[in-house]
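Notes follow once the structure below has been shown.
Because only heavy atoms are used, hydrogens play no part in the values below, and waters and symmetry mates are left out as well, while side chains stay in.
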Amino acid sequence: GVLHDLDYDIIRGDMSRHGLVAAKMLKGKLPRECLHAIQSHDYRTDVKPKSVMDKALIAADCIWGLIVRTALATSHRKVHQIRLNEMKNEFKNEAFPKFLAKGIMMCRQINFTLEDFFKLALKSLPEDWTIDEDDL
């Protein structure tokens, strides 16, 4: 998961290559299933997620978008200030990007309820982590 955005600066906004370039860079350094998860984590590559690992990476990547948007919408800059209900409200917000919502919903395919996945995401980040617009 830590390496899945390795190519972000290299692709320069060409999201159809995001993950594909990173997987090439990491070939021979990671198992094939990890490379496939990296390749499939962004829907714009047209690489379809198959495994639990693929779906978990997509869900984890998308939940970060929800956390950042919740922090900005509520003016909470520290992760520990974000409340579960605030995340739920932002997730239900009509303006919340559909592709992020779809990715987050993959948590159900890896045996998490939406609420448990939200809680896990919040608990997994350092309490002193500060969020700003650059994180979007």
Side-chain angles (χ1 to χ4, degrees):
V2 173
L3 300 171
H4 80 280
D5 282 343
L6 182 66
D7 62 9
Y8 205 79
D9 292 332
I10 296 167
I11 60 157
R12 300 182 185 199
D14 181 0
M15 301 309 280
S16 67
R17 297 175 50 223
H18 180 46
L20 303 178
V21 172
K24 274 187 185 173
M25 294 167 67
L26 295 166
K27 190 173 183 179
K29 296 178 174 100
L30 292 177
R32 187 177 9 235
E33 53 271 8
C34 293
L35 297 175
H36 189 270
I38 291 170
Q39 291 171 328
S40 69
H41 90 275
D42 190 306
Y43 69 94
R44 294 167 283 202
T45 64
D46 288 329
V47 176
K48 303 297 180 214
K50 299 175 184 170
S51 71
V52 169
M53 185 182 306
D54 297 350
K55 295 169 186 175
L57 181 56
I58 291 167
D61 198 33
C62 291
I63 197 80
W64 175 244
L66 176 60
I67 290 170
V68 171
R69 281 172 162 71
T70 304
L72 296 175
T74 60
S75 299
H76 297 324
R77 293 298 186 242
K78 298 278 187 193
V79 170
H80 78 274
Q81 294 173 316
I82 298 171
R83 301 291 172 245
L84 182 61
N85 285 341
E86 294 168 335
M87 280 182 68
K88 288 179 183 180
N89 290 340
E90 187 63 26
F91 185 72
K92 293 175 188 174
N93 185 329
E94 187 71 28
F96 188 71
K98 302 296 180 231
F99 79 94
L100 288 178
K102 183 178 178 182
I104 290 168
M105 293 304 289
M106 283 202 176
C107 72
R108 292 181 172 166
Q109 295 179 36
I110 56 174
N111 296 321
F112 277 94
T113 65
L114 202 53
E115 185 164 326
D116 285 344
F117 188 58
F118 286 5
K119 288 177 185 176
L120 177 66
L122 286 174
K123 285 170 62 174
S124 69
L125 297 172
E127 284 191 14
D128 62 346
W129 201 325
T130 302
I131 297 172
D132 59 38
E133 278 88 14
D134 293 339
D135 291 314
L136 264 181

Do V21 and V47 sit in the same hydrophobic cluster, where Ile, Leu, Val, Met, Phe, Trp and Tyr count as joined when their side-chain heavy atoms come under 4.5 Å apart? no

Steps toward side chain to side chain contact (heavy atoms under 4.5 Å, CB included) verdict (H36, Q39): CA-CA 5 Å; H36 189 270; Q39 291 171 328; 4.1 Å; yes

More than 12 heavy atoms of other residues, nucleotides or ligands under 6.0 Å from NZ of K78: is that the case? yes

Is there a side chain to side chain contact (heavy atoms under 4.5 Å, CB included) between I10 and M25 once you walk through the steps? CA-CA 11 Å; I10 296 167; M25 294 167 67; 3.7 Å; yes

Scan side-chain atoms only and decide if T113 and D116 contain a donor-acceptor pair under the 3.5 Å cut-off. yes

Out of curiosity, I11 CD1 to D42 CG, how far, rounded to the nearest 0.5 Å? 7.5 Å

D61 side chain to I58 backbone, donor-acceptor under 3.5 Å: no

Distance-only, no hydrogens or angles: does the Q109 side chain make a donor-acceptor pair with backbone N or O of M106 under 3.5 Å? no

Verify, without hydrogens or angle tests, whether D7 (side chain) and H18 (backbone) share a donor-acceptor contact under 3.5 angstrom. no

Here the pair of heavy atoms bringing G103 nearest to C62 is CA-SG, 3.7 Å

Smallest separation among heavy atoms of M87 and I63, with atom names: CE-CD1, 4.0 Å

Co-membership, hydrophobic cluster, residues L20 and L57, 4.5 Å side-chain: no

Give the ring-plane orientation class for Y43 versus F99, where under 30° counts as parallel, over 60° as perpendicular and anything between as tilted. tilted

Contact summary for C107 and A59, nearest pair of heavy atoms: N-CB, 4.1 Å

Neighbour count >12 (heavy atoms, 6.0 Å) for atom NZ, K27: no

CZ of F96 to CZ of R69, rounded to nearest 0.5 Å, is 6.0 Å

I need the N93 CG to N89 CG distance, nearest 0.5 Å. 9.0 Å

Co-membership, hydrophobic cluster, residues L120 and M53, 4.5 Å side-chain: no

Quick one: closest heavy-atom pair of L3 and A22, and the distance? O-CB, 4.4 Å

When rounded to the nearest 0.5 angstrom, what is the spacing between NE2 in H76 and CZ in R83? 6.5 Å

Shortest non-hydrogen pair, T45 vs M15, comes out as CG2-O, 4.1 Å

Any side-chain heavy-atom pair of F91 and T70 under 4.5 Å: no

Gap between atom NE2 of H80 and atom CG of D128 - 0.5 Å precision: 9.0 Å

Going by the angle between their ring planes, with limits at 30° and 60°, are W129 and W64 parallel, tilted or perpendicular? tilted

Which atom names give the shortest non-hydrogen contact between D5 and H41, and what distance separates them? OD1-NE2, 3.4 Å

Taking it one step at a time, do L100 and L66 satisfy side chain to side chain contact (heavy atoms under 4.5 Å, CB included)? CA-CA 8 Å; L100 288 178; L66 176 60; over 6 Å; no

Dump the intermediate steps for side chain to side chain contact (heavy atoms under 4.5 Å, CB included) on I38 and L6, then the final yes or no. CA-CA 10 Å; I38 291 170; L6 182 66; over 6 Å; no

Hey, what do you get for CG (L125) to CD1 (I67), rounding to the nearest 0.5 Å? 5.0 Å

